[in-house]
2 protein chains.
Amino acid sequence: MTKHRNRLLAALPAADLNLLEAYLQPIQLEKRRVLEAPNRTIDYVYFPETMIASVVAVCGREERIEIGLIGCEGMTGMPVLMDDQRTPHSTYVQVEGEALRVESEAFRKLLAQSPSLHNRLLRFGQVFTAQIAQTALANGRAKLEQRLARWILMAHDRTVADVVTMTHEFLAVMLGVRRASVTVALDGFEKKGVIEARRGSITVVDRKAIERMAGHFYGVPEAEFKRLIA
Amino acid sequence: MTKHRNRLLAALPAADLNLLEAYLQPIQLEKRRVLEAPNRTIDYVYFPETMIASVVAVCGREERIEIGLIGCEGMTGMPVLMDDQRTPHSTYVQVEGEALRVESEAFRKLLAQSPSLHNRLLRFGQVFTAQIAQTALANGRAKLEQRLARWILMAHDRTVADVVTMTHEFLAVMLGVRRASVTVALDGFEKKGVIEARRGSITVVDRKAIERMAGHFYGVPEAEFKRLIA
DNA sequence: CTGTCTCCGTACGTTTCCGTACTGAGAAAG
DNA sequence: CTTTCTCAGTACGGAAACGTACGGAGACAG
């Protein structure tokens, strides 16, 4: 047994990890790769290592917004834990990198075989639900600056370096705002010296300051993670 | 075995329902009663019959917003299904009425005893997650009129009559907007003849029209419910 | 029946963000 | 090296919703 880079796996009891490890396949995932398409069967469950995935709610062709971010702290494929095999949402790779994946049929059988494993992973479901709820709260009550700060912090939590590779355009889609609004807001961040913006990337310079900007719109799911997993 | 008014219970396989029924206590719940307080142990799981509960995300003392509505189609206490006993959110009675409840420790044991029951209820978790996600989407991208239409439809789905007892003030808190904005919007609804507004209540007159106003911000979790439960 | 309280209608100036769109700068392709 | 393409910065008028606040109308208690 290796010490896993995925924190959810790293926190599993030895017995459950052993059970799962036989089925884990390492895979490199490129940006924009679709991991789950709306209302299609979920083929694999992914445990990100350096990769980061976005979960996006879509309706019609127009309206879309990110509801959650999954990186080395968690897993994709929540519906498989919920006795289901599909989701109305879309999940794709936001930051390329490595992950471990399990064929979801096999995964399903493992869950049935080990209630302990199932429960352990359901706890992450609880964390992720808190994240979606926090997104709903931020979308409804926060200013763009706060929401952007929150997003940068969440991405930062899931990267090894302090650099997040992301265009304003993409970020705008995630937050459900205009591309130009993101540009203006990020410009403000840079002038305050809390980030460095390059073409297609953002570097975190002063994390504490960003946390202050996000206020209490950041932190609830993170606290849940500490409480339930780590 | 009675045919239950709670649709989630009504859809349970006979064996699981029998198991559960021994523990179900009927209870009448008054408006504003707190069912789950943030970060406190959840004592009971509620299956609403005529009652409707709101799940609200809070942070600090100021910022709060409704993330979900639970009525006769579901249950409260999702964290108990997720191997947890608390939640950062707040759950309280929005529309008074009857419910069945189970002591959560007993409930926990039943889930361990019957994986089939557990899975069945987890499916509702999947539906509820879709509802939170849809709320996040609506909060980020919809106009107030659409969000209000969505809320009325969701409340209407969970009431027997066409009347929802609710002040503008309360509705404003739920949607995270000004009380005055709600008044103006509801006024518009009434002038279009889709609702009738009385002091402290809203009566649905033309549901189809309200559905058109909500557009695709309404319907995704409802479809999930049909697919997974009914 | 009168006073009090809750709830609703309305108003006005202000903030935030939108829609649209033009321009320049950096990166990639020929 | 030049063309092409993607990405970022900036601008301007407009819509949506905000904060605040005043007054009236229905409900309820004394």
Side-chain angles (χ1 to χ4, degrees), chain A residues 30-32 61-66 94-95 136-152 163-192 195-203 213-215 217, chain B residues 31-32 61-66 94-95 137-152 163-192 195-203 213-215 217:
Chain A
E30 72 284 11
K31 192 152 191 157
R32 306 197 189 189
R61 291 285 157 269
E62 292 300 298
E63 312 295 5
R64 54 173 51 213
I65 205 162
E66 182 182 82
Q94 191 64 262
V95 175
L137 175 63
N139 289 356
R141 312 263 319 151
K143 302 271 176 262
L144 176 55
E145 184 182 83
Q146 299 173 299
R147 293 214 279 142
L148 190 53
R150 172 172 180 261
W151 197 94
I152 292 173
V163 185
V164 184
T165 307
M166 180 69 43
T167 66
H168 297 185
E169 181 68 49
F170 233 85
L171 209 36
V173 173
M174 294 300 97
L175 297 173
V177 299
R178 275 185 328 154
R179 194 270 314 159
S181 300
V182 172
T183 300
V184 171
L186 280 179
D187 226 50
F189 280 42
E190 192 163 27
K191 273 165 191 148
K192 280 177 193 151
I195 61 162
E196 263 180 33
R198 292 274 167 290
R199 190 185 164 83
S201 81
I202 297 167
T203 306
M213 293 169 82
F217 290 106
Chain B
K31 192 154 190 156
R32 305 198 190 189
R61 290 284 155 267
E62 291 299 299
E63 312 293 5
R64 52 173 52 213
I65 204 162
E66 183 183 83
Q94 191 64 262
V95 175
L137 175 62
N139 290 356
R141 312 262 322 150
K143 303 271 174 257
L144 177 54
E145 184 181 83
Q146 300 174 299
R147 294 213 279 146
L148 190 53
R150 171 171 180 261
W151 197 94
I152 293 172
V163 186
V164 184
T165 306
M166 180 69 40
T167 66
H168 297 187
E169 181 67 49
F170 232 88
L171 209 36
V173 174
M174 294 300 97
L175 298 174
V177 298
R178 277 184 326 155
R179 195 270 313 159
S181 299
V182 171
T183 301
V184 171
L186 280 178
D187 227 50
F189 279 42
E190 192 163 29
K191 272 167 190 144
K192 281 179 192 151
I195 62 161
E196 264 180 31
R198 292 274 166 288
R199 192 186 163 82
S201 81
I202 297 166
T203 307
M213 292 168 81
F217 290 106

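Note that these values count all heavy atoms, side chains included, but never hydrogens, waters or copies made by symmetry. Bear in mind that the values here come from a model prediction, so they are computed numbers and not experimental data. Quick note on labels: first sequence line is chain A, next is B, and so on, each numbered from 1.
- The shortest distance between side-chain heavy atoms of L186(B) and I152(B) falls below 4.5 Å.
- Within 4.0 Å of T167(A), counting heavy atoms only, lie sugar-phosphate atoms of the nucleic acid but no base atom.
- A heavy atom closer than 4.0 Å to some atom of DNA chain D occurs in K143(B), L144(B), these being the qualifying members of residues 142-152 of chain B.
- Spacing between atom CG of N139(A) and atom P of dC17(C) amounts to 12 Å, rounded to whole angstrom units.
- Between L171(A) atom CG and dG9(D) atom P the separation is 12 Å, expressed in whole Å.
- Atom pair R178(B):CZ and dC8(C):P shows a separation of 15 Å (rounding to whole Å applied).
- Considering all non-hydrogen atoms of both residues, E145(B) and K192(B) come closest at OE2-NZ, 3.1 Å.
- Spacing between atom CZ of R179(B) and atom C1' of dC7(C) amounts to 8 Å, rounded to whole angstrom units.
- No side-chain donor-acceptor contact under 3.5 Å links R141(B) to the backbone of E63(A).
- In this entry the distance linking CD of E190(A) with C1' of dG9(D) reads 12 Å, nearest Å.
- For A180(A), counting side-chain heavy atoms from C-beta on, the closest listed nucleotide (dC18(C), dA21(D), dA11(D)) is dA11(D).
- Nearest-nucleotide positions on DNA chain C for R199(A) and G176(A) put G176(A) closer to the 5' end.
- A salt bridge between R198(A) and E196(A) is present, with a side-chain N of the basic residue lying under 4.0 Å from a carboxylate O of the acidic one.
- The backbone N or O of N139(A) sits nowhere less than 3.5 Å from a side-chain atom of N139(B) that would complete a donor-acceptor pair.
- The interatomic distance linking R198(B) (CZ) with dA25(D) (P) rounds to 16 Å, in whole Å.
- If you measure from atom CD of E169(B) to atom C1' of dT6(C), you get 10 Å, rounded to the nearest angstrom.
- For the pair R147(A) (side chain) and L175(A) (backbone), a donor-acceptor distance under 3.5 Å is present.
- In terms of phosphate contacts, H168(A) brings a side-chain nitrogen or oxygen within less than 4.0 Å of OP1 or OP2 of dA8(D).
- When rounded to the nearest whole Å, the span between CZ of F189(A) and C1' of dA8(D) equals 17 Å.
- Under 4.0 angstrom from either OP1 or OP2 of dC18(C) there lies at least one side-chain N or O belonging to S181(A).
- Taking the side chain as every heavy atom from C-beta outward, L148(B) and V177(B) never approach each other to under 4.5 Å.
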